[in-house]
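One-based numbering along the sequence shown. Keep in mind that what you see is a predicted model, and the values were worked out from it rather than measured.
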Amino acid sequence: MVVRGTLAIGTFTALLSYVTMFFSPVSQISQLWTAYKSALPAYDRIKEIFDLKQDYHGEDKLILGNGKVEFENVCFSYEIDRPILHEFNATFEKGLNYIVGDNGSGKSTILKLLCSLYNPDNGSIKINDQDISRINKKDLINNISIIFADPYLFDDSIYENIKIGNLSASKNDVIRAAKLVKIHKFVESLSDGYETQIGENGINLSSGEKQKIALARAILKNSSIILLDEVTKSIDKESRDSINEVIYNLKNEKTIIIVTHNNNEIVSDGNIVHLQQEQIESKFEKQVVIKHMSPERAII
Ligand SMILES: Nc1ncnc2c1ncn2[C@@H]1O[C@H](COP(=O)(O)OP(=O)(O)O)[C@@H](O)[C@H]1O
Ligand SMILES: [Mg+2]
C-alpha cells in the first residue's frame, strides 16, 4: 500500500511499532501461564501447612520443683508402621543423666520429644510431675536448652551469637558466660574481639569454638534443663574436656541429659539410660529396652 501510495510511510512505521506493542503483552500472558503452572505445586505444599491442625499449646506454667523428668510408656513413630520408641520408660533426675545406644536407636528423638518438637503417640512425658502437653509451649522452651552435634550459629558477630540466649543480658553477662566456657581468651585474641563476624553458620570457627559459643548461649539462657546431643562428637580433646568440666559444674542446679557415644565422658555419679534395639517379628519393628546400669559397669 505504501508502494501504491495509498498508505503514508509514517502510518506504516506507526503500525509496525503498534504490532510490537501488541505482541509483547500477549507473550507475557503465555509466560504468566507457565509461572502459574509451576507455582501450583508450591501452593499445594503451602496449603498443606496452613491446613494443619494447630498444636494444643497448653496453658499451665511450668513449675520446675525437683527438676525430675519422666517418660512413661512413651510410644512414638515418625512414620506409620515404623515405631521408634515403644513403651519407653525412663526417669532423669536433677544432675547428670546419660543416654547411650546405637545409631538410630532414638536418642535424639527422646530429646526432641522432651522439647515438644514432636508429640508422643501414646504415654506421657512429665517434668516435676506435670505433663508437658499441658504446659505452655513458650514456657517450656524458655526452660529448656538443647545443643546439637552441629549447633546452629547465625551469620553475625560472636557477641550476638551468644546474646541470643538471653536478649536482655548485658555485655558483662555475655563475657561472663564466655569466660565460663573458656572461650573468652580466644575471642579477645581476635582483632575484632566479640565483634568478629563468624560467617555463615560459623564457617570461620572450628567445631570446638562453635560448640563453646553454643554452650555459652545456653549458659546465658540459664534454663533449668539442658539437653546435649553428642556435642563433643567432632571436637578436639582440649575443647571436650573444658566443655565437660562446665557441664559437670552445673550438675547441682540443673537437670542435664547428655547423649554420648564416648563412655569415658560418663561420670560415676551419673544416671545412665541405655537404649537397645531389638528386632521383633517385622523387619522394622523395634523395641526399646531400658536398663539402669550401674555407672561403674558403664565406664570402659
Ligand atoms: N524426622 C524424621 N522423620 C522420619 N524418621 C526419622 C526422623 N528423624 C529420625 N528418624 C528415624 O528415627 C530413628 C531414630 O532417630 P534418632 O532419634 O535420630 O536416633 P539416634 O539419635 O539414636 O541416632 C532413625 O531410624 C531415624 O532414621
Ligand atoms: Mg542422634
Side-chain angles (χ1 to χ4, degrees), residues 61-71 90 92-99 107-118 125-128 130 132 135-154 156 158-170 173-183 198 201-202 205 207-233 235 239-240 242-260 265 270-271 273:
K61 207 174 148 42
L62 177 64
I63 301 154
L64 279 151
N66 54 17
K68 190 164 80 178
V69 174
E70 285 168 291
F71 282 68
F92 303 98
E93 306 274 355
K94 188 180 270 184
L96 296 170
N97 300 271
Y98 298 90
I99 304 178
K107 304 180 295 295
S108 304
T109 305
I110 293 172
L111 302 188
K112 287 174 190 166
L113 285 168
L114 180 55
C115 293
S116 202
L117 292 178
Y118 296 94
I125 303 170
K126 290 179 179 165
I127 300 177
N128 186 30
Q130 272 178 292
I132 61 166
I135 296 168
N136 177 275
K137 273 236 168 88
K138 204 168 168 204
D139 202 33
L140 184 72
I141 294 298
N142 280 342
N143 281 290
I144 299 181
S145 296
I146 182 162
I147 307 178
F148 294 103
D150 190 14
Y152 190 83
L153 300 180
F154 296 95
D156 206 323
I158 293 178
Y159 178 77
E160 291 297 337
N161 266 288
I162 298 177
K163 196 181 152 131
I164 202 153
N166 177 1
L167 293 175
S168 57
S170 67
D173 296 334
V174 171
I175 293 175
R176 203 173 311 128
K179 277 184 178 161
L180 205 71
V181 301
K182 302 200 174 77
I183 198 173
I198 63 165
N201 203 14
L205 300 171
S207 307
E209 287 149 9
K210 284 205 273 188
Q211 282 300 12
K212 285 181 181 173
I213 289 177
L215 193 60
R217 186 192 277 175
I219 296 223
L220 200 63
K221 186 172 168 188
N222 199 18
S223 53
S224 306
I225 298 172
I226 299 182
L227 313 178
L228 305 159
D229 194 353
E230 305 198 63
V231 292
T232 56
K233 196 162 113 183
I235 62 178
S239 301
R240 192 163 63 221
S242 62
I243 285 178
N244 282 331
E245 190 188 325
V246 176
I247 295 166
Y248 188 79
N249 289 334
L250 294 171
K251 77 180 169 105
N252 293 330
E253 307 154 41
K254 301 178 190 300
T255 305
I256 303 165
I257 305 178
I258 302 164
V259 170
T260 179
E265 290 185 337
N271 165 35
V273 168

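A distance of 7.0 Å separates OG in Ser116 from CD1 in Ile141, rounded to the nearest 0.5 Å. For the atom pair Leu167 CG and Glu160 CD, the distance stands at 8.5 Å (nearest 0.5 Å). A distance of 6.5 Å separates OG of Ser170 from CZ of Arg176, quoted to the nearest 0.5 Å. Distance check, rounded to the nearest 0.5 Å: CD of Glu230 to CD1 of Ile258 gives 12.0 Å. We find the CD1-NZ distance between Ile225 and Lys94 to be 10.0 Å, quoted to the nearest 0.5 Å. To the nearest 0.5 Å, the span separating CD1 on Ile147 from CG on Leu215 amounts to 4.5 Å.
One side chain, Glu265 or Thr232, offers a donor N or O that lies under 3.5 Å from an acceptor on the other. Side-chain atoms of Asn222 and Lys254 form a donor-acceptor pair, as typed in the model, at a separation below 3.5 Å.
Asp229 places no side-chain N or O within 3.5 Å of a backbone atom of Ala149 that could act as its donor or acceptor partner. For the pair Thr255 (side chain) and Gly67 (backbone), a donor-acceptor distance under 3.5 Å is present. One N or O on the side chain of Lys221 and one on the backbone of Ile144 form a donor-acceptor pair closer than 3.5 Å. Judged by distance alone, with hydrogens and angles left aside, the side-chain atoms of Gln211 form a donor-acceptor pair with the main-chain N or O of Phe148 at under 3.5 Å. Side chain of Asn249 to main chain of Val246: no donor-acceptor pair is present (N/O by atom type, distance under 3.5 Å, no hydrogens or angles). Of the possible polar contacts, one joining the Asn201 side chain to the Leu153 backbone as a donor-acceptor pair under 3.5 Å is found. The closest donor-acceptor contact from the side chain of Asn143 to the backbone of Ser223 lies at 3.5 Å or more, if one exists at all. Under the 3.5 Å distance criterion, the side-chain polar atoms of Gln130 are matched with a main-chain donor or acceptor of Lys61. Judged by distance alone, with hydrogens and angles left aside, the side-chain atoms of Asn128 form a donor-acceptor pair with the main-chain N or O of Ile63 at under 3.5 Å.
When all heavy atoms are compared, the tightest approach of Glu209 to Ile183 is O-CD1, 3.6 Å. The minimum heavy-atom distance between Arg217 and Tyr152, with the atom names listed, is NH1-O, 3.0 Å. Between Cys115 and Leu227, the shortest heavy-atom distance links the atoms SG-CD1, 3.7 Å. For the pair Phe92 and Asn271, the tightest heavy-atom approach, listed with the atom from each and the gap, is CA-ND2, 4.0 Å. Contact record, Ser239 with Gly208: OG-CA, 3.9 Å, taken as the closest heavy-atom pair.
Residues Ile99 and Leu111 meet the side-chain proximity criterion, which asks for heavy atoms closer than 4.5 Å. Counting heavy atoms from C-beta outward, Ile243 and Lys212 have side chains that approach closer than 4.5 Å. Proximity of Leu64 to Ile127: side-chain heavy atoms (C-beta onward) are separated by under 4.5 Å at one or more points. Contact annotation: the side chain of Ile226 never approaches that of Ile247 to less than 4.5 Å [non-hydrogen atoms, C-beta and beyond]. Put simply, the side chain of Ile135 reaches to within 4.5 Å of the side chain of Ile132, judged on heavy atoms. Using a 4.5 Å heavy-atom cutoff, the side chains of Asn97 and Val273 are not in contact.
In the displayed structure, Lys233 atom NZ is contacted under 6.0 Å by at most 12 heavy atoms of other residues, nucleotides or ligands.
In this structure, the side-chain contact (heavy atoms from CB on, under 4.5 Å) partners of Thr109, at least two apart in sequence or on a different chain, are Phe76, Tyr78, Ile84, Leu113.
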CA sep, side-chain torsions, deciding dist, call: Ile162, Ile213, side chain to side chain contact (heavy atoms under 4.5 Å, CB included)
CA-CA 6 Å; Ile162 298 177; Ile213 289 177; 4.0 Å; yes
Stepwise side chain to side chain contact (heavy atoms under 4.5 Å, CB included) test for Val259 and Ile110:
CA-CA 10 Å; Val259 170; Ile110 293 172; over 6 Å; no
Check the pair Asp156, Ile164 against side chain to side chain contact (heavy atoms under 4.5 Å, CB included), reporting the backbone distance first and the verdict last.
CA-CA 11 Å; Asp156 206 323; Ile164 202 153; over 6 Å; no
Any chance you could lay out the side chain to side chain contact (heavy atoms under 4.5 Å, CB included) test for Asp150 and Lys210, step after step, and finish with the verdict?
CA-CA 8 Å; Asp150 190 14; Lys210 284 205 273 188; 3.9 Å; yes
